[in-house]
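We count residues from 1, following the sequence as given.
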Amino acid sequence: MKIVSSEGGLMIGSLGIPDLMKKGNDSKVTEFVLLGLSSSWELQLFLFLIFLLFYMAIVLGNLLIVVTVQADACLLQSPMYYFLGHLSFIDLCLSCVTVPKMLGDFLWQGKIISFSGCLAQIYFLHFLGASEMLLLTVMAYDRYVAICDPLHYLTVMNRQLCFQFVFACWCGGFIHSITQVILVMLLPFCGPNELDNFYCDVPQVIKLACMDTYVVEILMVSNSGLLSLVCFLVLLFSYAVILITLRTRFRQGQSKALSTCASHLTVVSLIFVPCVFIYLRPFCSFSVDKVFSVFYTVITPMLNPLIYTLRNADMKTAMKKLSKKHVASFWPC
């Protein structure tokens, strides 16, 4: 394939989009080698045990929240807990995209992933990640209405609107994700095939393409980077308005609202700061990127259940009721 640079931009020979897609699919690279978090066998065994515990905590914690919200009619009718149930479901699915593969790679010297498997990881990672970002933005709006306009809260945040918000989050995640996959599918790969990460992601993959990726990296920043940044700024603005409003409220309600906002801001920071750092920097990558990747693929899904349950009296009460109900069903006498 002939690549020609001109003042107007980048021309890729005489190939059209269908030919370029065919070229990308027929490229020499059929699999990628993941360098992982470490090359030391002893350290990999240690990391395997640590991340296995993390993964168990993610699955059990988020599954517990989903079951609790679904089992408690009062929580399910509350917009905040309705959104929280979806957030936990997303975190549960998001951890399954990268962590099981990473755990398996810790026990094998050859960390290989097929080209189709790589595309699947990119798709589900960005689908779930973007849906979570949009959902957190919706949750910030929910808190804004609850605190700043409490008398009309249940009228504004009715069941139909909540469903529409969640549906829009999933649709937004799908559009964002399919765009990322198409960007990668259009690229030709002919070697090298080593990815300096423990999973496939767009910033590392596009750097292996056998062409000038200037335009693709700009598109990546415009897609992933701006999505992360815009949602983050909207969230910060929403919580700033909430905190200003709380200054005029009575102390008991203020304390409870501040506790809720603090837990939400903790989640927001753990997710958005790493994403902004990784996706808003075209043309360069750092070894510390892998550490930031661990935060939003492993640490955040693990901490979310702790943040939302340990700091939330309603969730703890609902969990106690659920446990007593199951204990009574096993020992009715």
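Under a hydrophobic clustering in which Ile, Leu, Val, Met, Phe, Trp and Tyr are joined whenever their side-chain heavy atoms come within less than 4.5 Å, directly or via other members, Ile112 and Phe189 fall into different clusters. Val230 and Leu236 fall into different hydrophobic clusters, where Ile, Leu, Val, Met, Phe, Trp and Tyr are joined by side-chain heavy atoms under 4.5 Å apart, directly or via other members. Residues Leu161 and Phe163 share a hydrophobic cluster, clusters being chains of Ile/Leu/Val/Met/Phe/Trp/Tyr side chains in contact below 4.5 Å. Hydrophobic clustering, with ILVMFWY side chains joined whenever heavy atoms are under 4.5 angstrom apart, keeps Leu53 apart from Met102.
In this structure, the side chain of Asn304 does not engage the main chain of Asn62 through any donor-acceptor pair within 3.5 Å. Judged by distance alone, the side chain of Ser224 and the main-chain N or O of Val221 form no donor-acceptor pair under 3.5 Å. Side-chain N or O atoms of Asp201 include none that pairs as donor or acceptor with a backbone N or O of Pro203 at under 3.5 Å. No donor-acceptor distance shorter than 3.5 angstrom exists from the side chain of Lys290 to the backbone of Asp196, with no hydrogens or angles considered. Panel note: side chain Gln121, backbone Val97; a donor-acceptor pair is recorded below 3.5 Å.
The two residues Ser222 and Leu226 make their nearest non-hydrogen contact at O-CB, 3.4 Å. Considering every non-hydrogen atom in both Met157 and Pro79, the closest pair reads O-CG, 3.5 Å.
In this structure the side chain of Leu187 reaches within 4.5 angstrom of the side chain of Val216, judged on heavy atoms. With contacts defined as side-chain heavy-atom distances shorter than 4.5 Å, the pair Cys96/Tyr55 qualifies. Inter-residue side-chain proximity for Lys111 and Gln44 is flagged as met; some heavy-atom pair is nearer than 4.5 Å.
Between Phe54 and Phe51, the gap from one ring centroid to the other is short of 6.0 Å. Ring centers of Tyr279 and His126: under 6.0 Å apart, within the cut-off.
Ring orientation note: the planes of Phe232 and Phe272 are close to parallel, at an angle under 30° on the 30°/60° scale. Between Phe127 and Tyr123, the ring planes lie parallel to each other; the angle is under 30°, not in the 30° to 60° tilted range.
Taking a 6.0 Å sphere around CZ of Phe277, one finds it holds more than 12 heavy atoms contributed by other residues, nucleotides or ligands. Counting heavy-atom neighbours within 6.0 Å of Tyr144 OH, excluding the residue itself, gives a total of 12 or less. Taking a 6.0 Å sphere around CZ of Phe89, one finds it holds 12 or fewer heavy atoms contributed by other residues, nucleotides or ligands.
Arg143 forms no cation-pi arrangement with Phe83, by the criterion of a distance under 6.0 Å to the ring centre and an angle within 45° of the ring axis.
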(request) Give the C-alpha distance, both sets of side-chain angles, the deciding distance and a yes or no for side-chain hydrogen bond (donor to acceptor under 3.5 Å, both in side chains) between Ser293 and Tyr199. (result) CA-CA 9 Å; Ser293 297; Tyr199 66 96; 3.3 Å; yes
(request) Show the numbers, then the answer: is there a side chain to side chain contact (heavy atoms under 4.5 Å, CB included) between Leu208 and Phe32? (result) CA-CA 10 Å; Leu208 300 180; Phe32 293 102; 3.8 Å; yes
(request) Take Leu107 and Leu45 through the side chain to side chain contact (heavy atoms under 4.5 Å, CB included) test and state the conclusion after the steps. (result) CA-CA 7 Å; Leu107 301 179; Leu45 288 178; 4.1 Å; yes
(request) Start with the C-alpha gap between Tyr153 and Asp142, add the side-chain angles, then the distance that decides, and say whether side-chain hydrogen bond (donor to acceptor under 3.5 Å, both in side chains) holds. (result) CA-CA 8 Å; Tyr153 174 63; Asp142 170 70; 2.6 Å; yes
(request) Test side chain to side chain contact (heavy atoms under 4.5 Å, CB included) on Leu37 and Val294 and set out the steps. (result) CA-CA 10 Å; Leu37 295 176; Val294 170; 4.2 Å; yes
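Considering only residues two or more places apart in sequence or on other chains, Tyr81 meets the ring pair (Phe, Tyr, Trp, His ring centres under 6.0 Å) condition with none of them.
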